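The shown structure was predicted, so the numbers you read here are calculated from the model rather than taken from an experiment. Sequence lines set the chain letters: A, B, ... in the order given, protein chains first and strands last, and positions in each chain run from 1.
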Amino acid sequence: MTSEIIMAGFGGQGVMLIGQLLTYAGMLENKQVSWIPSYGPEMRGGTANCSVIVSDEPIGAPIVTEPTALVAMNLPSLDKFEPMVQPGGVIIINSSLIERTVARSDVKVYQIPANDVAAELGNSKVANMVVLGALIAATGTVNSQSVNKAFAKMFAQKPDLLEINERAIERGASYIKC
Amino acid sequence: MTSEIIMAGFGGQGVMLIGQLLTYAGMLENKQVSWIPSYGPEMRGGTANCSVIVSDEPIGAPIVTEPTALVAMNLPSLDKFEPMVQPGGVIIINSSLIERTVARSDVKVYQIPANDVAAELGNSKVANMVVLGALIAATGTVNSQSVNKAFAKMFAQKPDLLEINERAIERGASYIKC
Amino acid sequence: MPKPVFNEERCKGCELCTAVCPKKIVVIANRFNSKGYKPATCSDDAKCIGCALCAKACPDVVIEIHK
Amino acid sequence: MPKPVFNEERCKGCELCTAVCPKKIVVIANRFNSKGYKPATCSDDAKCIGCALCAKACPDVVIEIHK
Amino acid sequence: MAEKILMKGNEAIGEAAIVAGCRRYFGYPITPQTELTEYMAKRMPQVGGVFLQAESEVAAINMVYGAAGTGVRVMTSSSSPGISLKQEGISYIAGAELPCVIVNIMRGGPGLGGIQPGQADYFQATKGGGHGDYRNIVLAPNSVQEIVDMTIQAFDLADQYRNPVMLLGDGALGQMMEPVEFKATDTVPSIKAWAANGMRGRTQPNIINSLHLQPEKLEQHNIHLQQKYAAIQKNETRWEELYTEDADLILVAYGITSRIARSAMEKARSESYKVGLIRPQTLWPFPAAPFAKYAKTAKAFLAVELSAGQMVEDVRLAVNGVRPVAFYGRTGGMIPSPKAVYEQIVKTLKERGGN
Amino acid sequence: MAEKILMKGNEAIGEAAIVAGCRRYFGYPITPQTELTEYMAKRMPQVGGVFLQAESEVAAINMVYGAAGTGVRVMTSSSSPGISLKQEGISYIAGAELPCVIVNIMRGGPGLGGIQPGQADYFQATKGGGHGDYRNIVLAPNSVQEIVDMTIQAFDLADQYRNPVMLLGDGALGQMMEPVEFKATDTVPSIKAWAANGMRGRTQPNIINSLHLQPEKLEQHNIHLQQKYAAIQKNETRWEELYTEDADLILVAYGITSRIARSAMEKARSESYKVGLIRPQTLWPFPAAPFAKYAKTAKAFLAVELSAGQMVEDVRLAVNGVRPVAFYGRTGGMIPSPKAVYEQIVKTLKERGGN
Amino acid sequence: MAEKLFSRPQSLKDVAFHYCPGCHHGIIHRLVAEVIDELDVRDKTIGVAPVGCSVLAYEYFNCDMFEAAHGRAPAVATGIKRSQPDTVVFTYQGDGDLAAIGCAEIVHAAARGEKITTIFVNNAIYGMTGGQMAPTSLIEQVTNTSPYGRNADSAGMPIRMSEMLATLDGASFIARVAVNNPANMAKAKAAIKKAFEIQINGHGFSMVEILSTCPTNWGMSPLEAAAWLEQKMIPYYPLGQFKAPEGVAK
Amino acid sequence: MAEKLFSRPQSLKDVAFHYCPGCHHGIIHRLVAEVIDELDVRDKTIGVAPVGCSVLAYEYFNCDMFEAAHGRAPAVATGIKRSQPDTVVFTYQGDGDLAAIGCAEIVHAAARGEKITTIFVNNAIYGMTGGQMAPTSLIEQVTNTSPYGRNADSAGMPIRMSEMLATLDGASFIARVAVNNPANMAKAKAAIKKAFEIQINGHGFSMVEILSTCPTNWGMSPLEAAAWLEQKMIPYYPLGQFKAPEGVAK
Ligand SMILES: Cc1ncc(C[n+]2csc(CCOP(=O)(O)OP(=O)(O)O)c2C)c(N)n1
Ligand SMILES: Cc1ncc(C[n+]2csc(CCOP(=O)(O)OP(=O)(O)O)c2C)c(N)n1
Ligand code: SF4
Ligand code: SF4
Ligand code: SF4
Ligand code: SF4
Ligand code: SF4
Ligand code: SF4
Ligand SMILES: [Mg+2]
Ligand SMILES: [Mg+2]
């Protein structure tokens with residue numbers, strides 16, 4: 001199986017980080033993985049996005065042009081990437097910030113009020129983890145333990161963050177299950 | 001006819017200048033001409049030489065490697081270039097400074113006491129013109145009027161120099177005639 | 001009566017203008033512009049003395065002072 | 001008795017040494033070395049006081065001062 | 001086996017250099033390679049090395065010249081415009097035969113251009129952007145792991161041949177993250193008897209120099225260099241090939257583009273087009289051999305580059321007229337999708353291979 | 001008809017530039033082109049022009065960028081190492097599409113090398129020593145008269161195509177004297193509506209720029225450049241051929257080397273060897289057409305260069321494997337004699353063309 | 001339309017800046033544009049944008065513009081001015097651009113007394129490339145290439161360009177200003193105006209160094225950044241006029 | 001063998017210089033070599049030769065040597081010293097090399113306080129390339145690129161590098177000397193020695209600017225050239241010490 005995922009949002013919404021976590025988790029599951037940001041003039045203040053591939057096969061082009069899943073943290077991202085998603089793919093929408101849904105009927109769409117959930121959890125910064133939880137639940141790209149392990153590795157110096165992030169992932173996942 | 005001439009001596013002996021005069025004279029006679037110096041690290045203080053070609057045909061390589069005539073103003077120049085002269089060629093030796101003559105029997109050799117003649121003429125600087133006179137007399141590359149005309153053009157601002165130079169050329173030529 | 005006029009879409013919410021107003025009437029509004037910034041605004045036009053300090057402090061030339 | 005010793009083949013006849021000798025005994029010889037320069041020489045070893053000024057003035061390290 | 005870690009290409013170069021024993025880095029920031037400069041700023045003090053941000057790329061390459069001449073392993077890095085500024089210095093390093101590693105993480109040009117990935121410095125890297133007859137060894141990785149391996153290899157090759165080695169990547173390779181492993185190296189620092197690091201008891205001074213005023217000597221030096229380059233061509237040419245044996249069409253691509261080409265090739269194979277891939281891993285020396293070989297069996301070649309067509313000239317030279325060589329390139333930081341390359345494959349097969 | 005005067009190649013470039021209306025010169029001394037810099041120092045004030053000795057080659061090329069951007073005719077000159085330093089600037093000039101003339105009077109390399117004539121900057125000049133996909137128009141005169149004519153032409157081509165034009169010579173050409181004639185030119189200074197010389201009533205500012213941050217735009221710009229280059233290839237390729245029609249062996253040489261080759265050829269002809277010569281006058285665009293043509297009739301080609309083999313690659317690309325292409329080169333400032341080339345002719349005919 | 005006490009200068013195009021919130025580049029742009037307006041020279045002004053955050057200055061100034069290679073704006077400006085001597089030429093350069101890679105070019109433009117005006121924006125960092133050390137970064141300043149704080153022993157002391165260039169005879173006018181408060185802004189504008197006037201009057205090289213903030217890469221809010229500039233930068237980089245032709249008031 | 005009051009220093013190889021008759025380069029070489037001998041550091045000294053008339057300095061100094069690209073000796077020396085911190089590294093540079101093309105490199109080596117010593121030979125001309133104007137050529141000086149005399153208006157005023165570099169905090173020791181007479185020679189040697197000592201003692205950058213003649217390209221006899229140096233150069237380039245660490249005597 002090959003998951004090709006685009007994660008996009010405003011700079012500061014943490015899409016680069018969840019992309020890296022997902023990649024790391026894939027690596028921990030002994031899958032082939034790659035992460036690549038789109039960098040550029042829009043870096044400053046504008047939108048940011050990254051491509052993540054998690055696969056059982058060696059990875060060819062790391063830049064995802066036909067994603068199997070899209071995480072859209074804000075409206076411009078949804079506008080830009082929605083048309084590229086493969087039929088049968090998954091779109092995770094941060095419904096806290098994006099009012100519209102998706103017109104296409106050939107994709108699975110999940111609306112996750114990520115900022116609201118994060119606020120509930122008491123830390124507005126974990127909105128990205130909420131959508132990550134939703135994403136892995138919706139796609140099965142990796143399992144949540146791997147993400148937690150990845151988080152523990154990447155933030156080895158900040159073990160206190162672990163718990164809230166785990167909970168954010170769970171809460172995100174719960175939107176898919178129900 | 002093609003004359004391919006190397007003129008060589010210490011820096012300061014004026015070989016570059018007589019090379020240019022000869023070239024200019026050839027041009028005035030509507031011949032094809034080229035002049036090229038050997039420049040380089042030895043420029044400073046060391047020896048200097050130039051290649052002159054005067055021809056009825058378009059000129060190929062401007063750097064002379066098998067001269068039809070050689071002007072050697074000092075011993076190192078004679079040592080270096082003597083072997084390259086074509087059989088049947090001409091070698092003009094400044095015998096004021098070079099004691100030896102040429103061992104080869106397949107070339108025409110003229111020994112001209114250029115510095116002494118120049119001293120006699122009252123201007124030590126015209127030794128180069130003396131050998132130039134000898135050279136054109138020995139080779140017929142150009143005639144002396146052309147050289148005088150060339151001199152007049154190149155030193156248009158110094159008309160007073162014309163006479164002594166003409167005389168130096170004559171004196172040089174006289175060594176060939178007798 | 002002088003008053004500051006804000007080109008809100010150009011505002012980046014940097015707050016530099018708020019610090020220089022001698023009348024303390026330049027404040028950050030509690031709304032977002034389309035770029036995602038909370039723009040500056042004037043809390044009380046009437047108090048404005050037209051000193052233009054707010055306008056001069058603004059790096060994005062957001063503010064005009066009208067007579 | 002000090003005296004200047006010239007490595008004549010290295011001399012370029014620049015005359016810098018001649019200008020500094022307090023005894024005026026460093027002079028240019030009237031002959032050529034193999035490089036075509038007229039070399040400096042000492043006109044009167046006996047007068048040398050071994051000050052080494054000539055040697056120090058020489059850009060080509062031509063001169064040694066022997067004791 | 002060492003643990004795998006997830007690393008950005010740019011940072012992986014830095015860590016690999018450290019693994020290779022490089023303890024001197026001189027550089028100047030420029031997108032998209034700045035992470036490497038920054039990584040060295042952080043890591044070098046930790047390993048007792050020297051990080052110095054030079055005042056310019058020109059200064060940086062000349063610092064490399066100085067450091068390399070004393071015998072230490074040294075690296076610099078930049079991106080396209082900065083590499084252009086280094087050309088005089090690179091020619092000096094090649095002329096003086098100093099070992100060093102130069103990284104170019106290319107962006108779109110010409111001029112200030114843009115900051116997105118490009119491969120338009122191929123000519124500059126492989127044919128000599130500086131003056132005179134010299135060659136850089138040019139390595140072209142296509143994954144973060146290969147970045148690591150080739151960086152280490154670069155230092156070894158540089159020392160072995162006393163020659164600058166350029167690691168040529170593009171912005172995408174520099175920015176992407178993949179898992180990597182740092183295998184313990186058996187790099188034995190070579191003894192550099194020629195190094196000018198202070199005589200320290202040596203009886204003859206060592207001199208680092210590229211000047212030879214006598215043309216005879218300079219020609220001798222050039223002959224020596226050409227012999228060295230011939231040896232490098234003989235010994236160090238590397239490439240990877242995939243599905244070439246039965247291929248009608250052989251793609252040629254390096255670096256990030258080779259991965260796109262591979263994806264496109266796989267799609268094509270899945271639709272029964274007989275497509276293969278030759279991926280030069282050394283751009284200089286360019287792997288001419290496989291082209292000579294497959295020119296007998298394949299019907300056509302298709303070079304894919306992020307340029308207006310540079311490597312394709314070396315492909316043409318290698319194929320030497322035996323088969324048609326087509327070209328597909330994007331420029332300015334545009335990266336073709338596997339699908340776009342796939343379409344080129346189909347098109348080329350129709351036009352050229354379909355006869 | 002103008003009177004003939006005897007002039008050094010370097011000085012002839014300067015006078016020709018003035019005839020072409022060039023009134024701005026920015027340069028930095030370097031052997032063997034310094035006479036040109038000095039000539040401009042003397043002449044520019046006499047004709048109301050600007051001579052400025054820049055602090056470096058890097059500064060000089062950027063001054064050229066500034067001057068050219070205002071629409072004036074402008075020139076700079078240097079020799080090999082100095083030209084390497086200009087590579088970033090040249091890439092900017094090409095990217096911003098500014099017309100200017102750059103003179104490279106080549107010497108032996110690499111590195112500091114020597115000061116005797118060389119032709120080892122061919123790759124740098126023709127393939128782009130700077131970063132990105134761009135091309136200089138490269139003119140290669142072989143006599144002082146042609147230096148004059150091509151210098152004037154260089155300014156016209158630069159203006160016509162808004163492109164840097166490089167005049168590529170070697171130390172021998174720069175140093176030699178030959179008679180020259182300065183024919184009155186009919187150069188009409190073109191109107192440069194794009195020039196940024198102060199708005200002076202214009203309503204829109206003009207901008208001189210090579211930055212295009214959006215990859216789509218940068219790609220468009222590159223496509224535009226490539227179309228321009230294609231037009232130049234179509235319209236401006238120039239060469240001279242001698243005795244090619246019946247030749248068994250065709251020599252290929254440019255600049256000073258072409259004259260040596262011509263002498264060698266004449267010697268060979270006089271001994272009934274059927275030898276011809278193709279002399280590229282534009283190195284980029286390279287004259288591929290005559291090679292395609294004579295590959296049908298000649299048995300072999302022999303490229304002669306003052307390098308370890310650079311132009312020969314373009315010859316091989318043009319011949320495209322149809323016939324063998326041999327190479328004879330000298331480096332380091334060594335100049336082959338006509339006799340040495342003659343021997344190569346005989347040898348090549350025996351080995352390759354004799355069957 | 002209402003009459004205006006303050007509005008956008010004509011020499012600034014009506015487009016949004018791409019600068020980060022609170023970045024002083026925008027203020028400096030406006031001041032330069034106001035000076036061009038007031039001197040009424042827009043029609044013959046040619047600006048040279050640098051490589052740095054202000055790389056797009058050519059999209060903002062409403063006059064003819066050049067984009068120069070990194071550090072080379074003074075050379076480009078020289079080429080322009082020597083070709084069009086009746087124009088008013090200014091360069092706009094950052095501290096990386098002017099003090100690091102472009103050091104030789106600015107020294108020589110000043111030494112030649114090139115009749116150009118340089119606006120030198122010193123924000124003690126490389127803004128555009130994301131926050132690396134500049135030659136002007138302060139001792140102990142943490143940047144991405146001085147992660148342990150700038151260390152004088154390995155990276156040297158920050159360069160005071162104004163003081164250095166003031167030693168050159170060809171430099172006619174050199175001043176350092178800041179735009180961190182209204183009073184300094186007024187002085188900054190006066191200095192910029194003087195610098196342009198000096199060029200217009202045919203004197204030599206003029207430069208105004210403007211201390212500036214980079215909230216993004218300093219990792220501060222715009223207001224914190226302005227305070228840091230006041231507390232840390234000004235003490236090391238004293239404001240004032242370092243050189244002026246005779247007859248030009250301090 | 002007779003005992004010697006004066007003889008060639010060990011740090012100078014026993015080969016003839018290629019310099020023109022009377023050129024001060026030779027004297028300066030000898031002084032540097034004597035200092036290396038006296039400090040007994042030949043075994044750990046690394047010199048960097050420039051591009052300029054002294055391009056062959058590597059054939060003369062009897063220690064490890066580098067030939068640097070034109071102007072880049074300070075960068076090369078930086079690379080060397082940062083790689084071999086226990087060595088004594090010096091650059092030998094002409095005025096074209098150091099003040100023109102290499103301006104950025106010398107400014108930054110000084111600013112970084114690079115622990116190297118620069119011997120800066122200012123002969124107000126480009127000697128090697130045959131007599132072109134240098135940044136240090138005097139006003140009205142006729143050279144091959146200032147054939148009508150150097151004109152301040154178009155070529156600017158000559159740069160006083162020592163004064164300029166002395167403004168940099170990283171520069172520990174800067175002095176200007178001459179070798180045109182025995183007294184000046186003694187001072188020159190003392191300054192060179194101080195400069196090396198400062199490096200050896202771990203202080204920052206040290207430089208000795210040495211006014212020098214170029215009889216060939218000035219078109220004078222060596223003695224005339226020495227007089228011209230005294231009469232024309234020294235008034236514009238005052239001799240003296242511009243910077244020294246505390247505790248180092250003037
Ligand atoms: C030759 C070259 N080297 C490096 C760069 C990368 N670069 C772009 S801007 C910049 C520095 C910007 O800093 P500064 O000049 O201080 O301007 P700021 O962004 O702070 O305003 C650098 C190093 C480049 N574009 N070209
Ligand atoms: C990049 C480069 N530009 C130019 C030159 C040519 N060049 C050689 S030496 C020199 C200047 C020499 O002058 P200076 O540094 O004053 O030394 P001097 O000969 O006077 O001692 C120049 C311009 C070069 N070799 N390399
Ligand atoms: S003009 Fe003056 S008083 Fe009015 S809002 Fe602005 S700063 Fe305040
Ligand atoms: S200074 Fe300008 S950009 Fe900043 S908050 Fe005020 S109006 Fe907005
Ligand atoms: S040592 Fe002194 S006294 Fe003796 S010759 Fe030399 S300068 Fe004259
Ligand atoms: S100073 Fe030296 S080179 Fe000059 S004349 Fe005296 S001994 Fe000869
Ligand atoms: S990075 Fe810094 S200098 Fe650049 S725009 Fe942002 S705040 Fe301004
Ligand atoms: S040219 Fe001048 S500096 Fe060079 S060696 Fe001769 S006199 Fe000395
Ligand atoms: Mg900055
Ligand atoms: Mg000099």
Please name the pair of heavy atoms, one in A/W35 and one in E/Q175, separated by the smallest distance, quoted to 0.1 Å.
CZ3-O, 3.5 Å
Using the salt bridge (charged side-chain N to carboxylate O under 4.0 Å, His left out) criterion, which residues pair with A/K31? Sequence neighbours excluded.
A/E29
Please round to the nearest 0.5 Å and tell me the distance separating atom CE of E/M176 and atom OG1 of A/T23.
10.0 Å
Does atom CD (E/Q46) have a neighbourhood of more than 12 heavy atoms from anything else shown, all under 6.0 Å?
yes
What part of A/E66 gets closer than 4.5 Å to chain E, counting heavy atoms only: side chain, backbone, both or neither?
side chain
Would you indicate whether A/F155, at its atom CZ, is surrounded by more than 12 heavy atoms from other residues, nucleotides or ligands within a distance under 6.0 Å?
yes
Could you name the residues of residues 260-277 of chain E that have a heavy atom within less than 4.5 Å of a heavy atom in chain A?
E/I260, E/R262, E/S263
Nearest-0.5 Å distance, CD of residue E/Q116 to OG of residue A/S38:
7.0 Å
Measure distances from E/I335 to the heavy atoms of chain A and classify the residue's part below 4.5 Å as side chain, backbone, both or neither.
side chain
Nearest atoms (heavy-atom pairs only) where A/M27 meets E/K4
CE-O, 3.5 Å
Can you tell me how far CG of A/L21 sits from CG of E/L6, rounded to the nearest 0.5 angstrom?
9.5 Å
If you look only at distance, which donor and acceptor atoms sit under 3.5 Å apart when one is on a side chain in residues 142-150 of chain E and the other is two or more places apart or in another chain?
unit_1: E/N142; atom_1: ND2; unit_2: E/S258; atom_2: OG; d: 2.9
unit_1: E/S143; atom_1: OG; unit_2: E/E146; atom_2: N; d: 3.0
unit_1: E/Q145; atom_1: OE1; unit_2: E/E181; atom_2: N; d: 2.7
unit_1: E/Q145; atom_1: NE2; unit_2: E/D149; atom_2: OD1; d: 3.2
unit_1: E/Q145; atom_1: NE2; unit_2: E/E181; atom_2: O; d: 3.0
unit_1: E/E146; atom_1: OE1; unit_2: E/N142; atom_2: N; d: 2.9
unit_1: E/E146; atom_1: OE1; unit_2: E/R279; atom_2: NH1; d: 2.7
unit_1: E/E146; atom_1: OE1; unit_2: E/R279; atom_2: NH2; d: 3.4
unit_1: E/E146; atom_1: OE2; unit_2: E/R279; atom_2: NH2; d: 2.9
unit_1: E/E146; atom_1: OE2; unit_2: E/Q281; atom_2: NE2; d: 2.7

Run the side-chain donor-acceptor check on residues 131-140 of chain A: report pairs under 3.5 Å with partners two or more places apart or on a different chain.
unit_1: A/T139; atom_1: OG1; unit_2: A/L135; atom_2: O; d: 2.8
unit_1: A/T139; atom_1: OG1; unit_2: A/T141; atom_2: N; d: 3.2
unit_1: A/T139; atom_1: OG1; unit_2: A/T141; atom_2: OG1; d: 2.7

Which one of A/S34, A/C50, A/P58 has the most heavy-atom pairs closer than 4.5 Å to chain E?
A/S34
Is there a side-chain contact between A/I63 and E/S337 (heavy atoms, below 4.5 Å)?
no
Which heavy atom of E/R259 sits nearest to which heavy atom of A/I59, and what is that distance?
NH2-O, 3.2 Å
